[in-house]
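Reading through the structure tokens given below for one structure.
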Amino acid sequence: MSDLGQLLRKARIDKKISLDDLQETTKIRKRYLEAIEDGNYKVLPGNFYVRAFIKSYAEAVGLDPNEVLNMYQNVIPQPEPEQIEPIRTKRTTRNTERLGKWASNVMVISFVVLILGVIYYYASQNYTGNTNDATKELPKKITEKIEPDAQTPDPGNTGANTANGALADNKPVQVPTPPPTPTTEVKLVKSERGTDYYTVTGTDKLKIEMKVTGDSCWIEVDSPPGPNKTVIDSMTFQNGETKTWDLTDTAFLIFGKANAVELSVNGSPIVVGDQPNVKKIQIDIQKS
């Protein structure tokens with residue numbers, strides 16, 4: 001057992017915390033906690049998770065995680081740096097000349113189209129104005145030549161027409177009102193002991209979408225949380241991989257590297273974090 005493992009184990013025993021209780025608090029598997037106490041870091045998913053898990057362990061047993069990491073930084077494996085291949089761009093004179101000719105042709109064609117559009121606009125405006133003037137004069141001339149015959153109202157039909165007219169005017173037209181569409185809302189309720197708690201209203205299902213956008217990231221999804229939890233997924237996802245989970249109960253998510261993932265619930269984005277730390281999120285469905 002390493003000195004660091006002895007320090008953490010002694011703090012845990014002094015706090016009267018069992019490994020099962022510590023597993024429930026930190027959401028780190030029991031075999032990983034035992035490996036940290038034994039100094040067997042090869043069991044953990046990667047060098048990055050060694051520091052993250054030790055930090056969560058120390059915080060759970062009441063130690064200062066930063067002080068513990070500084071004291072034993074020589075024995076804790078350092079995370080491997082990301083290797084980024086430089087992007088080489090090649091620009092040739094021939095491509096530049098082709099681009100310049102293409103841009104010139106586009107500008108000339110755009111200028112010609114603009115001129116034609118302006119000419120068409122003014123021509124259509126003049127044509128419409130002349131048509132309106134002619135239309136204004138036409139009814140006046142027809143009225144002078146043709147006079148409609150005066151019609152004498154029929155006394156026998158006056159009552160019927162009045163009744164029909166009143167009936168038609170008094171009968172309202174009822175337009176059916178569509179039922180309101182429930183809206184789904186994802187809301188952050190609280191943040192407590194390193195866990196963010198969200199509630200989802202307006203639905204009875206959870207659609208959790210995840211995408212890894214940075215370095216590889218270890219992720220675990222449980223439903224529901226607690227002693228009777230069911231581990232749905234627990235694996236390391238690589239850069240560019242995506243995953244969708246459809247659940248009908250409370251979900252508990254653990255991210256080994258918060259700034260390496262993008263997360264959304266029922267289409268609403270959730271901020272996981274901007275630091276490479278362990279992040280825990282619980283999502284509850286608030287049923288009406």
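This is a predicted model, so every value here is computed, not measured.
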Exercise. Does a donor on one side chain and an acceptor on the other come within less than 3.5 Å for Ser191 and Asp196?
Worked result: yes
Problem set entry | Qualifying residues under side chain to side chain contact (heavy atoms under 4.5 Å, CB included), relative to Leu19, sequence neighbours excluded | Arg12, Lys30, Leu33, Glu34, Glu37
Exercise. Can you name the ring pair (Phe, Tyr, Trp, His ring centres under 6.0 Å) partners of Phe237, sequence neighbours left out?
Worked result: none
Exercise. Given the rule in the side-chain contact (heavy atoms from CB on, under 4.5 Å) test, do Trp245 and Ile232 qualify, once you have shown the distances and angles that lead to the verdict?
Worked result: CA-CA 9 Å; Trp245 298 279; Ile232 299 175; 3.9 Å; yes
Exercise. For Asp246, which residues count as a salt bridge (Lys or Arg N to Asp or Glu O under 4.0 Å) partner, sequence neighbours excluded?
Worked result: none
Problem set entry | Minimum side-chain heavy-atom gap Arg29-Ser234 below 4.5 Å | yes
For this session: Using side chain to side chain contact (heavy atoms under 4.5 Å, CB included) as the criterion, list what pairs up with Ser18, not counting sequence neighbours.
Result: Asp20, Asp21
For this session: List for me each residue that meets salt bridge (Lys or Arg N to Asp or Glu O under 4.0 Å) alongside Lys42, sequence neighbours excluded, and say none if there are none.
Result: none
Going by atom type alone, with no hydrogens or angles, which donor-acceptor pairs under 3.5 Å involve a side-chain atom of residues 264-277 and a protein atom two or more places apart or on another chain?
| unit_1 | atom_1 | unit_2 | atom_2 | d |
| --- | --- | --- | --- | --- |
| Ser264 | OG | Glu209 | OE1 | 3.4 |
| Asn266 | OD1 | Lys207 | N | 2.8 |
| Asn266 | ND2 | Lys205 | O | 3.2 |

Problem set entry | Distance, nearest 0.5 Å, that separates CD1 of Ile54 from OH of Tyr49 | 15.0 Å
Exercise. Near Glu67 CD, under 6.0 Å, is it more than 12 heavy atoms from other residues, nucleotides or ligands?
Worked result: no
For this session: Treating Ile, Leu, Val, Met, Phe, Trp and Tyr as nodes and any side-chain heavy-atom pair under 4.5 angstrom as an edge, say whether Ile13 and Ile36 lie in one connected cluster.
Result: no
Exercise. Rounded to the nearest 0.5 Å, what separation is found between the CD1 atom of Ile17 and the CZ atom of Arg9?
Worked result: 13.5 Å
For this session: Run the salt-bridge test on Glu185 and Lys187 with the 4.0 Å N-O cut-off and return the result as yes or no.
Result: no
